[in-house]
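Computed from a predicted model, the values in this text were never measured in an experiment.
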Amino acid sequence: MVLRAVVRSLINMVFTDDTALLDSLGDSLESSLVTPLGILSEVYESGDLVELIVAARLVKRSAIGHLGGAPTGLRMLIEALPDPAGAG
């Protein structure tokens, strides 16, 4: 499934042993992204599709307003997540 691949890529990009990406993020993006992405990571491991969609929407809603200056790959992965319920 495409969503699982995007989520896996996003988690791997941000939560690696190399903290260079996290260290390069602006404070507002980092603080808006880390906790929801941690939740998404836990849900990803559980395998529940509905919870995965909800958690992915949470990440997008939390981070989307803070993506200015974010690395292109990170921005593209976040933008590829499902839109929050009621958006669009």
Could you tell me which residues satisfy side chain to side chain donor-acceptor pair (under 3.5 Å) with R8, sequence neighbours excluded, listed by chain and number?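 Here the qualifying residues are Y44.
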S46: partners by side chain to side chain donor-acceptor pair (under 3.5 Å), with sequence neighbours left out: none
So which atom in P82 and which in A56 form the shortest heavy-atom distance, rounded to 0.1 Å? CD-CB, 3.8 Å
Can you tell me how far the CD atom of E79 sits from the OG1 atom of T72, to the nearest 0.5 Å? 9.5 Å
hydrophobic_cluster_shared for [Y] and [X], side chain cutoff 4.5 Å:
{"X": "V59", "Y": "V50", "value": "no"}
{"X": "V54", "Y": "L49", "value": "no"}
{"X": "F15", "Y": "V7", "value": "yes"}

Test item: S62 side-chain N/O and L58 main-chain N/O as donor-acceptor pair under 3.5 Å: yes
Heavy-atom side-chain contact between L77 and L81 under 4.5 Å: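 Result no, sub-4.5 Å side-chain heavy-atom pair not found.
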Side-chain heavy atoms of L33 within contact of I78, under 4.5 Å: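 Answer yes - side chains close enough.
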Contact list for residues 44-68, test salt bridge (charged side-chain N to carboxylate O under 4.0 Å, His left out), sequence neighbours left out: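 Qualifying pairs, neighbours excluded: K60-D83.
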Would you tabulate the side-chain donor-acceptor contacts of residues 35-43 under 3.5 Å, counting partners in other chains and residues two or more places apart, or write 'none'?
none

Listing, residues 20-29 side-chain donor-acceptor contacts under 3.5 Å, not counting sequence neighbours, or none:
| from | atom 1 | to | atom 2 | distance (Å) |
| --- | --- | --- | --- | --- |
| D23 | OD2 | T19 | OG1 | 3.0 |
| S24 | OG | L21 | O | 2.7 |
| S28 | OG | H66 | ND1 | 3.4 |

